[in-house]
Amino acid sequence: MSHLAHTVAVRATGVDMFFGTPENQVVALKQADFEARRGELIMLVGPSGCGKTTLLSVIAGTLTPQAGTVEVFGQRLDGLGQEALTSFRRKNLGFVFQSFNLIPTLTVIENVMVPLLIQGRPYDEARARSLAIIEKVGLKGREEGRPNALSGGQQQRVAIARALVHEPPLLICDEPTSALDKDTGAHIMQLVRDLSRSPERCVVVVTHDHRIFRFADRIAEMEDGRISRVVDDPKLLDTSHL
Amino acid sequence: MYRLALNMLFGDRAKLAMLLCGLAFSALLMAQQSSVFFGIMSWTYTPMVNIRAQVWVSDPMVEQVNDAKPLRDTDLGRVRSVDGVAWAAPLHTSFVQARMQDGNFKLITLVGIDADTFAGAPAVLTQGRIEDLRLPDTVIVDEWGASLMGRMGVGPDGKPRNTPLKVGDTFEINDIQARIVGICKVRRAFTGGPFVYTTYDRAKGYTLGARRTLSFMLVEPQKGVTPAELCGRIERDTGLKAWTSDTVIWNWGERSLARNTFWWFWTNTGIPFSFGTAVLLGLFVGIAISGQTFYSFVLENLKYFAAIKAMGAGMGVIARMLFVQAFTAGLIGFGLGAGMAQAIGRVMIEKGMPPFVMFPQILWATFALVLGISFVSAVIGIIKVSRVDAASVFRG
């Protein structure tokens, strides 16, 4: 890894997150600490209910923690208002969702254009940039088709194109291979890994799929609302409970 | 984003069709019912349209044109003497029974006009000449009335056939013969009876026993005198009521008999309530169908809106997207509904009934109400989307 890879991209310290009423409180994150570096692909793993998705939401600025600090590419998120958080997500984040979340009534290229249009880019510019990234993810010729006409793997490629079209520093992937078969999942992860190899980018992947652990630079294991350990080698993980 | 918002809307054809059906039906119901309402209401002042004069003079107690309170014949002289009057002619209107040759009776609107000037005569005669009214026992019947008063018989194909009255046919009014010398084209009236024109003096004969037969006086102002100005002078000098013939019912500044007639029917009959209910029904049906369909469209797209929110779109952008979708559907729905209302109206006008008057104001009002429905639908959707947590996109 280069020296830049050791520069912190995401840092969450002492994060607490509770849901529900005080009498009936569910603890999602308890004094959670997390760190991701530039140029790396880090996976968040752990059993269901351990707080992976909550931590991902906090890092993504879609949830505001009750305690702790969150810093993404030098920007403190805790204490930011909704409008500032929305603006932060618009500029700095790309999302790949478990169920793709491609809008079925739009074409492939229109789906990819969404983040650029949200940023207020002109339609023609958004279209040109989207065409380029669609080609990059290997879907040239499918631009005008509807997502439903594509295979699961192709749909996830569209989702990746959409996540990266505005060149965000932080790519958030939530179970990106859960709806895909083994080979397709491996192809997608190879693509994501290649895309993470930039000093200006960091990829955080939440997954249960141990078949893709080999694509991670590091793996952070969660348990009971906190990171229990971080490993460099997936073989060191006990995957029996994942 | 607005282009994508429209593509989202047009991409779901089934939902769009449902949405447009609701909006179009609502627009159709509101525009069509309003037009029929105004059509019927415009029939209430039909005499003002059929009998043309710049100024009408009546008894001071008259409230509307169908309720004539007879004047003395000497009142005509008093009006003629008012400064600014070019000429004044008598007019008789009454509802009388006509006995047809087959023994059947029909209620008619008898109109007696001045035989010298023919002031108030029908503008269009399809058969005969107006001058023939000077011949003994003669009348002119309107086209629709000629058909209504026609004789039912059996055609060569064995089917029932109505033979309309024609020039030369006769019938009786109060046992006095009336011979048709002309067929005219006039607008139909709220009271339903055919218009039968004759001379003022002959009308007196047809209404036996009536002590006073002067219903109105038709007056022409001299050059340089406006009708409204003359009305003021006549009222001041004679104590009678003078009206202008303006038929623009919302022209509040005028002393219009047509307007007074319209509003008399508005306040004294159940017509506005009946049609108003239908228009409201259209509005509520529109809100219910369109609101529900748009809400279901939003619900179906909720996870995508949540994803768009997560990607950094503020509620302002999403709200504008929903407004663009709702208002676009509203525009198309209005176009379809108003177009259908126009088409139905055209057919109605061709068939002669029921009346149909689509003022531009009706279209504007319908347009505003349809946009109102779209607005309500969009707001319902916006409330739903605003309550969606952007973090929900990570919950599968």
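Throughout, a chain's letter reflects where its sequence line sits, starting with A, and its residues are numbered from 1.
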Asker: Main chain of A:Pro176, side chain of A:Gln156: is a donor-acceptor contact present, judged purely on distance under 3.5 Å?
Answerer: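 Yes: the side chain of A:Gln156 pairs with the backbone of A:Pro176.
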Asker: Is it the case that the side chain of A:Gln66 and the backbone of A:Phe18 share a donor-acceptor pair, with hydrogens and angles ignored and the cut-off at 3.5 Å?
Answerer: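 Here the side-chain-to-backbone pair exists.
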Asker: Would you find more than 12 non-hydrogen atoms of other residues, nucleotides or ligands less than 6.0 Å from A:Glu83 atom CD?
Answerer: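 Incorrect, the count does not exceed 12.
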Asker: With no hydrogens and no angle check, just 3.5 Å: does a side-chain donor-acceptor pair link A:His208 and A:Glu175?
Answerer: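 Side-chain D/A pair, A:His208 to A:Glu175: present.
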Asker: Run the side chain to side chain donor-acceptor pair (under 3.5 Å) test against A:Thr86 and tell me which residues pass, sequence neighbours left out.
Answerer: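 Per chain and number, A:Thr86 pairs via side chain to side chain donor-acceptor pair (under 3.5 Å) with no residue.
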Asker: Cut-off 3.5 Å, side chains only: do A:Thr69 and A:Asp78 have a donor facing an acceptor?
Answerer: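 Their side chains do not contain a donor-acceptor pair, so the 3.5 Å distance test is not met.
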Asker: Counting only heavy atoms from other residues, nucleotides and ligands, does the tally under 6.0 Å from CZ of B:Arg3 exceed 12?
Answerer: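 Counting neighbours around CZ of B:Arg3, 12 or fewer heavy atoms of other residues, nucleotides or ligands fall under 6.0 Å, so no.
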Asker: Ring centres under 6.0 Å, that's the criterion: do B:Trp43 and B:Phe262 meet it?
Answerer: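 No, the ring of B:Trp43 stays outside the 6.0 Å limit from the ring of B:Phe262, centre to centre.
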Asker: Less than 4.5 Å to any heavy atom of chain B: does that hold for the side chain of A:Leu93, its backbone, both, or neither?
Answerer: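 Answer is neither: A:Leu93 stays 4.5 Å or more from chain B.
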Asker: Could you look at A:Leu116 and say if it's the side chain, the backbone, both or neither that has a heavy atom under 4.5 Å from chain B?
Answerer: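 Nothing of A:Leu116, per the 4.5 Å heavy-atom cut-off to chain B.
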Asker: What are the residues of residues 9-24 of chain B, in order of number, with any heavy atom under 4.5 angstrom from a heavy atom of chain A?
Answerer: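 Expected list: B:Gly11, B:Asp12.
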Asker: For chain A, find its close neighbours in residues 307-326 of chain B: heavy-atom separation under 4.5 Å, sorted by number, or none.
Answerer: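 Interface residues of residues 307-326 of chain B: B:Ala307, B:Ile308, B:Lys309, B:Ala310, B:Met311, B:Gly312, B:Ala313, B:Gly314.
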Asker: With a 6.0 Å cut-off on ring centres, are A:Phe215 and A:Phe213 close enough?
Answerer: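 They do not qualify: ring centres at least 6.0 Å apart.
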Asker: Please assess A:Arg157 against A:Arg142 for the test side-chain contact (heavy atoms from CB on, under 4.5 Å), listing each intermediate value before the final yes or no.
Answerer: CA-CA 11 Å; A:Arg157 280 168 188 267; A:Arg142 311 302 296 263; over 6 Å; no
Asker: Should we count CG of B:Asn7 as having more than 12 external heavy atoms under 6.0 Å?
Answerer: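 Yes - once you tally the heavy atoms of other residues, nucleotides and ligands closer than 6.0 Å, there are more than 12.
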Asker: Count the heavy atoms of every other residue, nucleotide or ligand shown that sit under 6.0 Å from CZ of B:Phe25, and state whether that count exceeds 12.
Answerer: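 Not more than 12 within 6.0 Å, no.
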Asker: On a heavy-atom basis, which atom in A:Lys52 and which in A:Pro47 lie closest, and how many Å separate them?
Answerer: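 Nearest pair, atom of A:Lys52 first, then A:Pro47: NZ-O, 3.4 Å.
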Asker: Is B:Thr44 reaching over with its side chain to a backbone N or O of B:Met41, donor-acceptor style, under 3.5 angstrom?
Answerer: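 Checked: pair present.
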Asker: Just checking heavy atoms, which of residues 299-306 of chain B are less than 4.5 Å from chain A?
Answerer: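 Checking residues 299-306 of chain B against chain A gives B:Lys303, B:Tyr304.
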Asker: Which one of A:Ala126, A:Ala163, A:Gly120, A:Ser57 has the most heavy-atom pairs closer than 4.5 Å to chain B?
Answerer: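 The residue among A:Ala126, A:Ala163, A:Gly120, A:Ser57 with the greatest pair count is A:Ser57.
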Asker: Counting only non-hydrogen atoms closer than 4.5 Å, does A:Phe88 touch chain B with its backbone (N, CA, C, O), its side chain (CB onward), both, or neither?
Answerer: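 Looking at A:Phe88, nothing touches chain B.
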Asker: When rounded to the nearest 0.5 angstrom, what is the spacing between CG in A:Leu106 and CZ in A:Arg146?
Answerer: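 The CG atom of A:Leu106 sits 7.5 Å away from the CZ atom of A:Arg146.
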